[in-house]
Undergrad: 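For reference, the structure I am asking about is given below.
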Amino acid sequence: MQAATIRTRLLRILVLALAVLLTLLGVAAAEQVSAYRNASATADNARLEITLQGLIHELQKERGLTTGYVGGVKEFGGKLPAQRKATDAARTLLDKALRGRDDSAAGSVRESLGRLDGLTGIRAHADDHTGVVKDTFDYFTTTITVLDRLDLGLSDVHDATLRDAYQTLQILGNAKEFTGEERAIVLGSVRAGQFKDDDYSRFMEIRAGRLAALDAFPRSATDAQQRRLDAALSTPDAERALAYESTAVQGGGKLRWNDIPPMRWWDAMTATINGLRDVQVSLGADVENRAAGLEGTAQRDLLLFLLLALGTVAALGALALDCVRSVSAPLAELAQQAREVAGQRLPEAVAAVQDGSSGESPAPPAPLAVAATAGAEVKEVAEAFDRVQRAAYDLATEQAVLRRNATDSLVSLGRRNQNLVRRQISFINKLEHEDADPATLANLFELDHLATRMRRNAESLLVLAGESSPRPWSTPLSITDVLRASLAEVEEYRRVTLRRVEPAHLTGSVVAEIAHLLAELIENALSFSPPDSDVEIEGRRTSAGYLVAIVDHGLGMDTQALAEANVRLSGTASFMAEPTRFLGHFVVGALARKCGIEVRLGEAPAAGVVARVLIPVNLLTEPTAVPKQAAAAAEQSAVPAPRKGTDEAPLVSVAAEGGKPAEAARPEQQQKKGASAARTRNGLVKRPQRSAIADAVSETDRPSRPAPAERTPDRSPEEVSGMLATLRSAHMRGGISVEKEKREREADHEGAAKGEGDAK
């Protein structure tokens with residue numbers, strides 16, 4: 001799995017930090033929003049409470065007038081219509097305040113306002129004089145009590161000042177309600193001259209409630225609110241109302257008309273209640289202002305919090321961007337430049353050093369460029385990589401110089417050895433032509449063979465160094481002669497058996513390379529075969545070109561060894577990093593890659609290894625006539641000569657300097673064997689036996705029909721005459737040399753005998 005990048009890791013950290021921050025900001029924002037909503041709801045409820053208290057105030061007034069009118073105070077009949085309109089107007093204002101609200105406070109007010117549906121009946125009973133004082137008083141009192149004690153949520157607010165102000169408003173409302181009840185209950189009984197039933201006890205309870213409320217008012221009210229209340233209760237009307245109240249209390253249930261006139265009682269109590277209403281309105285204003293202040297503060301805090309949250313997120317984003325600019329982006333750019341250095345700059349600089357054709361020392365790769373906004377750590381990484389780059393360049397330059405010097409040394413050594421071996425082969429050829437003694441010729445042929453192998457080793461050095469072919473060839477050559485030339489360059493050529501070799505000719509430009517390639521493969525096969533076994537060679541035409549199969553009967557190779565050998569034979573590996581025992585593989589690989597030949601090793605059909613050499617079609621050609629001058633100028637390199645008493649015959653090798661190859665007869669045993677295998681006693685063509693080579697060749701590469709055996713090329717009379725003349729001169733030189741040797745031995749004996757006589 002691919003490792004995460006620094007950019008990804010930074011983004012993960014920043015995203016995690018941002019998520020935590022946003023979570024905390026979300027919690028805080030929820031609290032701020034909740035506080036704002038609470039403050040806003042408190043302000044709305046405070047306004048609703050003030051509007052509700054206005055309706056209660058009008059109901060209290062209508063209760064006093066209606067109760068007094070039902071109780072017999074006829075003067076109140078003219079005041080009732082105006083008061084009823086005021087009550088309905090207050091109801092309309094409350095409905096308007098409730099419009100569009102669906103919260104719990106508005107719902108409880110709407111539910112309680114349902115009790116006002118009975119107001120129409122109370123008014124009707126009062127108008128038709130069927131009303132009852134107690135029922136009228138109880139209806140208004142119960143309705144007012146329900147509306148006054150509604151929980152609008154103001155008692156649960158978080159702000160202590162607002163909570164105290166609302167509590168003060170509630171206490172004053174209770175005191176005002178008790179005062180209104182006093183006014184109504186006295187008006188309902190004053191015409192009769194006394195309290196009915198238990199009205200006196202109720203009057204005393206109401207008075208006690210009012211006094212208790214006024215006593216509780218200072219505990220939650222401010223000094224200013226207390227002063228406003230004291231001012232409302234110290235007016236002449238308030239003092240007159242208190243005097244009338246004291247008279248009612250002292251009467252013990254008696255209400256004399258002259259002591260408490262109904263209209264004066266109404267005016268005094270109404271003025272007092274109106275004073276309390278003014279204080280109540282001021283308290284309501286205080287509640288509303290405080291709630292509005294809380295709402296504004298919450299709104300401001302929420303706005304500041306949102307600005308702070310946005311600023312924090314922006315700062316975190318800027319930090320992330322700065323991290324990307326200073327760390328992630330410079331590192332990505334640095335990695336890109338590092339890839340360019342590794343894949344392009346450094347190899348180009350090393351190639352320029354290896355080339356060295358201009359004679360000037362190329363400049364090292366430019367240092368890595370880092371943006372000015374990159375962090376100090378990134379710049380340190382860039383500097384460290386520059387040091388690594390310079391060290392790698394210096395090391396690569398040193399290695400390139402060493403490799404170039406080693407290559408030049410190989411080329412120089414190979415050229416020197418090639419020149420010396422060529423001169424040696426030329427001198428041996430000269431001795432072969434001058435000496436006719438069979439034993440001496442055999443030794444010279446052995447020396448020639450050793451020199452030919454030395455020449456191949458020198459040419460292998462040139463091949464590994466990448467030099468061109470040291471033995472150029474111009475005319476086409478048959479594949480048989482190329483095989484024989486390769487056999488002339490191996491030591492144990494007597495163990496090589498040429499099986500069926502179909503005729504074909506190679507272009508002259510690749511003759512030397514292919515002969516060298518085949519010689520390396522043949523020698524490798526001979527080295528890894530038992531001494532008593534033969535190496536078999538077969539060549540056939542295929543649809544892809546010409547296939548040469550070289551089969552040994554050794555122990556073979558395992559799968560991994562075959563794969564490694566095929567890599568070396570492909571020409572893609574470097575011989576500098578492999579053991580020296582594989583140099584032959586690298587020589588073959590270099591020659592095969594140069595000529596476009598495919599060489600692969602595989603398992604032989606029976607045992608051992610088969611090397612398949614596929615020569616492409618473009619290297620095959622048709623034979624051409626060779627001029628006599630070229631044949632006469634061809635300087636043949638020496639090959640092993642036939643020995644007396646054996647059936648061996650010399651093979652053919654490519655000329656050292658150019659020209660047409662010299663031919664020699666096949667071994668007598670092989671000629672007889674081939675003749676007997678070709679025809680039966682009746683003259684029919686005999687089918688050849690299946691060999692291991694035939695199994696090594698792919699079925700798809702076999703031709704559809706057998707190709708005819710290669711014919712011995714026809715020689716002109718001049719060539720036959722030249723060969724006979726050469727044979728005759730060699731025979732004469734042999735006879736002359738034998739006679740000369742005989743005379744020299746006799747002279748040596750005579751000289752030795754004469755020396756002995758002188759000594760005596």
Side-chain angles (χ1 to χ4, degrees), residues 53 56-57 59-61 63-64 66-68 71 133-151 155 164 166-190 192-221 225-226 228-256 259-260 262 264-280 283:
Q53 289 298 328
I56 292 173
H57 178 69
L59 286 173
Q60 289 171 348
K61 291 174 66 176
R63 176 182 59 185
T66 305
T67 304
V133 173
K134 187 177 184 304
D135 294 339
T136 303
F137 178 82
D138 290 342
Y139 169 77
F140 278 104
T141 301
T142 304
T143 302
I144 292 172
T145 302
V146 170
L147 293 176
D148 192 31
R149 294 181 180 179
L150 289 176
D151 184 12
S155 59
D164 292 341
Y166 177 70
Q167 187 175 0
T168 303
L169 179 63
Q170 289 291 95
I171 293 173
L172 182 60
N174 293 335
K176 179 173 170 288
E177 170 61 18
F178 287 133
T179 304
E181 290 179 4
E182 279 187 73
R183 180 181 60 182
I185 198 170
V186 171
L187 288 174
S189 301
V190 70
Q194 62 179 359
F195 290 103
K196 298 177 181 179
D197 298 331
D198 58 348
D199 288 345
Y200 178 73
S201 60
R202 291 188 63 182
F203 170 76
M204 295 302 292
E205 290 176 0
I206 292 170
R207 179 176 177 273
R210 177 179 62 83
L211 294 175
L214 292 176
D215 290 338
F217 183 83
R219 288 196 290 267
S220 59
Q225 293 170 349
Q226 183 64 46
R228 290 199 294 267
L229 179 61
D230 293 341
L233 295 177
S234 60
T235 62
D237 291 331
E239 292 177 354
R240 188 180 302 112
L242 290 176
Y244 288 143
E245 179 189 37
S246 179
T247 301
V249 170
Q250 294 175 0
K254 301 293 184 179
L255 292 174
R256 292 191 294 267
D259 294 336
I260 306 176
R264 290 183 180 182
W265 169 256
W266 167 261
D267 292 337
M269 291 298 290
T270 300
T272 303
I273 293 174
N274 287 338
L276 294 177
R277 173 60 181 168
D278 293 337
V279 176
Q280 187 183 40
L283 291 177

Undergrad: Output yes when R240 and D237 qualify as a salt bridge under the 4.0 Å nitrogen-oxygen rule, no when they do not.
TA: yes
Undergrad: Which residues pass the salt bridge (Lys or Arg N to Asp or Glu O under 4.0 Å) test with R210, sequence neighbours left out?
TA: E182, E245
Undergrad: Say you draw a straight line from CD1 of I273 to CZ of F178; how long is it, rounded to the nearest 0.5 Å?
TA: 13.0 Å
Undergrad: Answer whether the closest heavy-atom distance between the side chains of Y200 and K254 falls below 4.5 Å.
TA: no
Undergrad: Would you say S246 and Q250 are linked by a side-chain donor-acceptor pair, where the criterion is simply a distance under 3.5 Å?
TA: yes
Undergrad: Is a donor from one side chain sitting under 3.5 angstrom from an acceptor on the other, for D148 and Q170?
TA: no
Undergrad: Can a donor-acceptor pair be found between the side chains of T136 and T66 at a distance below 3.5 Å?
TA: no
Undergrad: Tell me every residue that passes side-chain hydrogen bond (donor to acceptor under 3.5 Å, both in side chains) with K61, counting only those two or more places apart in sequence or in another chain.
TA: none
Undergrad: Is there a side-chain contact (heavy atoms from CB on, under 4.5 Å) between L276 and L229 once you walk through the steps?
TA: CA-CA 7 Å; L276 294 177; L229 179 61; 3.5 Å; yes
Undergrad: Can we say D138 and R202 salt-bridge, meaning some charged N sits less than 4.0 Å from an Asp/Glu carboxylate O?
TA: yes
Undergrad: Report yes or no: do R63 and Q60 form a side-chain donor-acceptor pair below 3.5 Å?
TA: no
Undergrad: Quick one: closest heavy-atom pair of S220 and I171, and the distance?
TA: OG-CD1, 3.8 Å
